[in-house]
Amino acid sequence: MILRTPHSVCPERVRPPPERRRRKLRPETLRHTNGRSRGLWRVVDVLGGHPPKGSGAALAPDLSGHRTEGGKGVLRLPSFSDLAESGLRPFQRTEVGALFWARVKERPLPAKRGNLMGRRTPLFELHQRLGARMVDFGGWDMPLQYGSQIAEHHAVRRGAGVFDVSHMCIVDLKGARVRSLLLRLLANDIGKLKVPGKALYGCMLTATGGVIDDLIVYLLGESWFRAVVNAGTREKDLAWIRRHAAEFGVEAVERTDLAMLAVQGPEARGKAVALLSAVGSAAALALEPFFGGEIDGWLVARTGYTGEDGFEIMLPGADAERVWKALNSAGVTSCGLGARDTLRLEAGMNLYGSDMDESTHPFESGLAWTVALEPRERAFIGREALEAIRARGPQRKLVGLLLEGRGVLRSHQKVLVPEGGEGEITSGTFSPTLERSIALARVPVAAGASVQVDIRGKLHDAKVVRPPFVRHGKVLVS
Amino acid sequence: MSNVPSDLKYTKTHEWLRTLPDGTVEVGITDHAQHALGDLVFVEVPEAGRTLAAGEPFAVVESVKAASDVYSPIAGEVIAGNPALAAEPEAINSDAYGKGWLMRLRPAAAAAPQLLAPKDYEKLVVEEGS
């Protein structure tokens, strides 16, 4: 067998580059599949002229850890900030990415770190000491699992687990007109946030209604909001936010000083508050779902990505290891991204880049509930496109699938709809709670109660259900 | 450290092969492979009577994370797929060289397999970084 890193939690490290363009460079050159930043950059120009044939291949081994594809060079660089270190300078930023000149001669080589060379969270060394299997995730070296992924999954459904989610990008938005900025940037209505600490989930859209990213925004002060965006879309999001923030005189500051832990499960809150002061503990226990507050110098929020109760805690990176160990001592299980993916899928929560991206709109991504078309005068980016889509009716919808027999549904498997047409699985896995395979799939709106899925050339029956599959430890579908 | 029994033969693609007293062989995936795959949740084994070429995919093992093909180390005819794995795929995780066997095979007469000795497979695992 070929041992490889799983796709669902680990974007492929190297994709074949698009056809080499000889003439005019266009922004699309660096646009990734799905419009998603994978930290993968092609050499599109070398300082002082067009890249000679093979220059990518020449650079790639040094910069990306020995990777070339079909003789074509691919630069794998974890992030924009690492580009500077690598001697690459963007010469043009665009809506969908940036173009680079590679300074072939002056590049200092990044330190070799074995097979992995991604960015690290403050907990990287602890993960290694805990025996985690590390994988590349959106340019970060993250723990996939510490032991059994299924055991980690059950720990969160039945007790408590802790996840390192420090790779997610925390951005503080400050300025007198920050509310106006977010009214424009988010498809959900930031006007719903009236009380400090309240959080809102929503999407940033392109003018055509495509999903740039999904994010959570917390109201922290009258002129201060905090957004948490996906790691894999960090550069794109920051560029997009800053481009619009300038108009509103808003400053967008990435909080790279903070780590983020998700403590999740029915016992999570009880165990987590034991780490707080008496006053802090009472304040944390008083938080309503989807509220956060500054507690003992941390931002503690009753949010998560597992379908269980719990907290997401943003705290100084230097505190993270101590807190993690204290949670372990309190009986909270270390959990990796593998369990995070099966938990979120059972909870019917979308994963950006898999279930939606810039080529899909919220109405066909199960995200209509995050689009606030009222009040009608709120002019958010993507509004006109969404209104037009709504007027003519969306063509596709995102549904849940339960595989009737044995086997495992996986993303990109074809879904045949008896009512006509076909769709595709966007996320699929084995559900440890249901002990059968579940999936999210984008199918024609006409799809009814059952479909067939093509698994390696054989058709398997699957039932169409409405997600979530599991919430708060309870199975909600059958 | 990965478990590599000394009485088996191996492939570069992480299958093991055991020659049984009657001359037939048993095939499975190695401990290193099961560890790398993680919790196995579904296994598709071959039907008896199927003829396999060396290197042909004969089984699919699926973990929570991914589906992987398993390749036949040698040419031959399938005598049996392991029926117990349908209900208990995790047997591969707990006992890769025993209860986790995938198929029994009658080697083709012309089969002259190029297989790895235990020490060579161990070296491969170390090189790949276990």
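Every chain is numbered from 1, with letters handed out A, B, ... down the list of sequences. Bear in mind the structure is a predicted one, so any value in this text is a computation, not a measurement.
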> Below 4.0 angstrom, N of the basic side chain to O of the carboxylate: do B:Glu62 and A:Arg456 qualify?
Replying inline: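 Looking at A:Arg456 together with B:Glu62, the answer is yes, because their closest N to O distance falls below 4.0 Å.
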
If I measure from the heavy atoms of chain B, does A:Arg410 come under 4.5 Å with its side chain, its backbone, both, or neither?
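For A:Arg410, the side chain is the part near chain B, not the backbone.
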
Relative to chain B, which segment of A:Thr342 carries a heavy atom at a distance below 4.5 Å: side chain, backbone, both, or neither?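 It is the side chain, since no backbone atom gets that close.
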
I'd like to know whether A:Leu144 forms a side chain to side chain contact (heavy atoms under 4.5 Å, CB included) with B:Lys65, so could you lay out the CA-CA distance, the side-chain angles of the two residues, the decisive distance to 0.1 Å, and finally the verdict. CA-CA 10 Å; A:Leu144 180 66; B:Lys65 294 165 291 192; 3.5 Å; yes

_Most contacts with chain A, counted as non-hydrogen pairs under 4.5 angstrom, among B:Thr13, B:Thr11, B:Leu37_ =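 Winner by heavy-atom pair count: B:Thr13.
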
task: Go through B:Thr30, B:Val70, B:Val60 and name the one with the most non-hydrogen pairs under 4.5 angstrom from chain A.
output: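 Between B:Thr30, B:Val70, B:Val60, the count favours B:Val60.
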
(request) Output the distance between atom CZ (B:Phe42) and atom CG (A:Leu403), rounded to the nearest 0.5 Å. (result)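 CG of A:Leu403 is found 8.5 Å from CZ of B:Phe42.
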
At a heavy-atom separation under 4.5 Å, does [X] approach chain A through its side chain, its backbone, both, or neither?
| X | value |
| --- | --- |
| B:Ser63 | backbone |
| B:Val43 | backbone |
| B:Ala86 | both |

TODO: Before giving the answer on side chain to side chain contact (heavy atoms under 4.5 Å, CB included), spell out for B:Val41 and A:Ile150 the whole-Å C-alpha distance, their side-chain angles and the decisive distance to 0.1 Å.
DONE: CA-CA 10 Å; B:Val41 293; A:Ile150 290 178; 3.9 Å; yes

**Asked** Any side-chain heavy atom of B:Val64 sitting closer than 4.5 Å to one from A:Val408?
**Response**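 With C-beta onward as the side chain, the pair stays apart.
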
Among A:Gln145, A:Arg406, A:Glu435, A:Gln149, single out the residue with the greatest number of heavy-atom pairs under 4.5 Å to chain B.
->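 Most heavy-atom pairs within the cutoff with chain B belong to A:Arg406.
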
- Query: CZ of B:Arg50: more than 12 outside heavy atoms within 6.0 angstrom?
  - Reply: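 More than 12 within 6.0 Å, yes.
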
Q) Any chance CD of B:Glu56 has more than 12 other-residue heavy atoms, nucleotides or ligands included, within less than 6.0 Å? A)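 Yes, the 6.0 Å shell around CD holds more than 12 heavy atoms from other groups.
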
